[in-house]
Amino acid sequence: MSDERELMAERERKAAELRAAGRNPYANGFAPTHSMADLLARFPAPPPPAAEQKDGPKAAEPELLSEERFRIAGRIIAHRGFGKATFVKLRDHTGELQLYVKKDKVGDAEYEIWRKMERGDFVGATGPAMITRTGELTILAESVVVLTKAVRSLPEKWHGLSDVEIRYRQRYLDMIANPEVRAVFTKRAAIVRSLRRFFDQRGYLEVETPSMHTILGGAAARPFRTHHNALDLDLTMRIAPELYLKRLVVGGFDRVYEIGRNFRNEGLSRQHNPEFTMLEFYQAYATFTDLMDLTQRLFVELAGEVAGGPTFTYGGRPVDLSPPWPRIPMKDAVVTASTKGLLPGGLERPVLDDEAALLSWIESSGLGARADELGQGLRRSASHGERVATLFDQGGEASLPGDRPIFVVDYPAETSPLSRRNDADPSKVDRFELFIVGREHANAFSELNDPADQRARFQGQVDAKARGQEETMDYDEDYCRALEYGMPPTAGEGIGIDRLVMLLTDQPSIRDVILFPLMRPGE
RNA sequence: GGGCCCAUAGCUCAGCUGGUAGAGCUGCGGACUUUUAAUCCGUAGGUCGCAGGUUCGAACCCUGCUGGGCCCA
């Protein structure tokens, strides 16, 4: 009788018996007067019971905390029966509260019906509050109603549900069995709420831009493709909202932000889900260095609200978000990687600063011939900047410190087609990426608003695509036209919300902060 | 894409060198009106992920497949 089908049949039999007794196992219309949290707040933790009271003779009649009657409702998550009395723990979305159902309180007939209720079912109850001998706030039921009969039983009460595959595929079960999972998503909501407040307070306008695009842009990524029938139009799901948000700056919204889903047709990993949530914001008359300051404030504020302060642990290791955060030029990170052995030796700044020197270093180090991603990336690179960026991606990133946020700066212009060139050195752009615990958390730059330069950069992307690079942007003619009407000097930034939530809630996988992560279909 | 690991009852897990499947929880029957993983007695529950192969004999060894996890590129 422990086969899954038989377990269900047993519960279905109880539901049928409830029906036969005139009770709807899916009843409606019971409105609780109080949540569990309401009552826990109303009757704070009582002093521990005196030893003699606990061990002494049982009181004939429990002592009530007040004459008031409370109506509560929730799922039975623990069930301890004694024949003529039952303790159950009820859970609602605010907390858990014990309910004590006694045969002599609810009556013989009602108690017979009550006996068909078990762990997993939803019930409503009415009664006064009391403190048990063990000191626990408890509602003493004077009446109990069946609300929902669960025909599947819950996972094991002690070990719960730990199979990660079931946890992700059946998130509802995960949430029932693992309360800390609900806490993570509650914090996620708090983070998003705080983000909105942070930007609203600073005069940013929240907007919504299209998530189906006709032109691929705003990031380097492979898209999901779809089709609109009535227009017979091929579309891609957006990989970034950037070009639309900057059109709004052209239109006169000097400060805008959008929190929304992006879609990138790439592999899955602990840090990648094909659809993920991104915050992007743009501020006219600001520069990328202004955004560094804003980013520090934002992260520290969020950590204060969610992680208990600017210092916390992630994966058992300390992280300190206290500003100011160090800045490191991309090339210096590559040099460090070479020194630390993450890349072949001999990569010094003079080599990275000179195209011919770097080419000969690549030749002599043998990297250019390697079959791995680094070798392929170097061979695909058509410019000095792309080679430097490839070395950073494939080695420099790993050399960054893990316990402090770090701004990587001095990005090459060739790999940043939407960023403003640095005034002193036009080969690089006014851009930073923020790395924390070795992961990219934000990407920001002063926006390129010179339409002629923008056209040249788009053309560079088109040329790269022609050379076989897959992750390039399309030439966005209308965006160039918008810039020709004039976009004020502007800085913008994107922050990945999922990774932010991972960091602040100490979760190891992006799947732990996305309610329904993409999974291969099961059976 | 490559490497390593995992898949046994509804859940959490044992299962030795190949000898024919075990526990706890859940369920069912019983006792029990202040429990906290309630307790006690009794009882039921299996396509060992799937498909092949080796063997007298496979949960266990081999191959392939499916799903998942970790690492790498």
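Chain letters run A, B, ... following the sequence lines, proteins first and then strands; every chain starts at 1.
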Item checked: U35(B) base stacked by F87(A) (centroids within less than 5.5 Å, tilt under 30°) ->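 Yes; centroid distance and tilt both under limits.
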Which nucleotide wins on minimum distance to the side chain of [X], given the candidates [options]?
X	options	answer
K14(A)	G27(B), U26(B), G69(B)	G27(B)
D163(A)	U34(B), C25(B), U12(B)	U12(B)
R169(A)	G67(B), C32(B), C11(B)	G67(B)

Check: When we call it a touch if two heavy atoms are under 4.0 Å apart, what does Q394(A) touch: a base, just sugar-phosphate, or nothing?
Finding: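 Counting heavy atoms under 4.0 Å across all strands, no contact is made by Q394(A).
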Which base sits across from [N] as a Watson-Crick or G-U pair, both distances under 3.5 Å?
N	answer
G52(B)	C62(B)
A9(B)	none
U47(B)	none
C4(B)	G69(B)
U35(B)	none
G42(B)	C28(B)

Does the [N] base have a donor-acceptor partner in the side chain of [X] within less than 3.5 Å?
X	N	value
R133(A)	U34(B)	no
E136(A)	U34(B)	no
S162(A)	U12(B)	no
K102(A)	U33(B)	yes

Checklist line | Contact under 4.0 Å: R167(A) side-chain N or O vs G68(B) OP1/OP2 | finding: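 Indeed not, no polar side-chain atom of R167(A) lies that close.
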Next item on the list: Tell me whether the guanidinium CZ or amine NZ of R71(A) lies under 6.0 angstrom from the six-membered ring centre of F30(A) and within 45° of its axis.
Entry: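 Judged by the rule, R71(A) and F30(A) form a cation-pi pair.
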Notebook entry, point to check: Is the NZ or CZ atom of R171(A) positioned over F516(A)'s six-membered ring, under 6.0 angstrom from the centre and within 45° of the axis?
Noted result: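 Pair R171(A)/F516(A) does not count as cation-pi.
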Can you tell me how far [atom1] in [N] sits from the matching atom in [M], rounded to whole Å?
N	M	atom1	result
G19(B)	C32(B)	P	47 Å
G69(B)	U12(B)	P	15 Å
A21(B)	C25(B)	P	23 Å
G64(B)	C56(B)	P	24 Å
U8(B)	G22(B)	C1'	10 Å
U63(B)	A44(B)	C1'	38 Å
C62(B)	U55(B)	C1'	12 Å
G3(B)	A9(B)	P	29 Å

Next item on the list: Would you mind telling me which of R115(A), R91(A), K149(A) makes a salt bridge (charged side-chain N to carboxylate O under 4.0 Å, His left out) with D121(A)?
Entry: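 The salt bridge (charged side-chain N to carboxylate O under 4.0 Å, His left out) with D121(A) is passed solely by K149(A) among R115(A), R91(A), K149(A).
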Please report, rounded to the nearest Å, how far the [atom2] atom of [N] is from the [atom1] atom of [X].
X	N	atom1	atom2	value
E165(A)	U66(B)	CD	P	14 Å
I166(A)	U12(B)	CD1	P	6 Å
R115(A)	G30(B)	CZ	P	8 Å
L7(A)	U26(B)	CG	C1'	7 Å

Item checked: Short N-O contact, R264(A) and E471(A), less than 4.0 angstrom ->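 No, no charged N to carboxylate O under 4.0 Å.
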Notebook entry, point to check: Does any non-hydrogen side-chain atom of L374(A) lie less than 4.5 Å from one of L343(A)?
Noted result: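 L343(A) reaches L374(A) side chain to side chain.
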Next item on the list: Answer yes or no: is there a side-chain heavy-atom contact under 4.5 Å between Y168(A) and D512(A)?
Entry: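 Result yes, sub-4.5 Å side-chain heavy-atom pair found.
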Item checked: Parallel, tilted or perpendicular: ring planes of F87(A) versus Y100(A), cut at 30 and 60 degrees ->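 Aromatic pair F87(A)/Y100(A) classed parallel.
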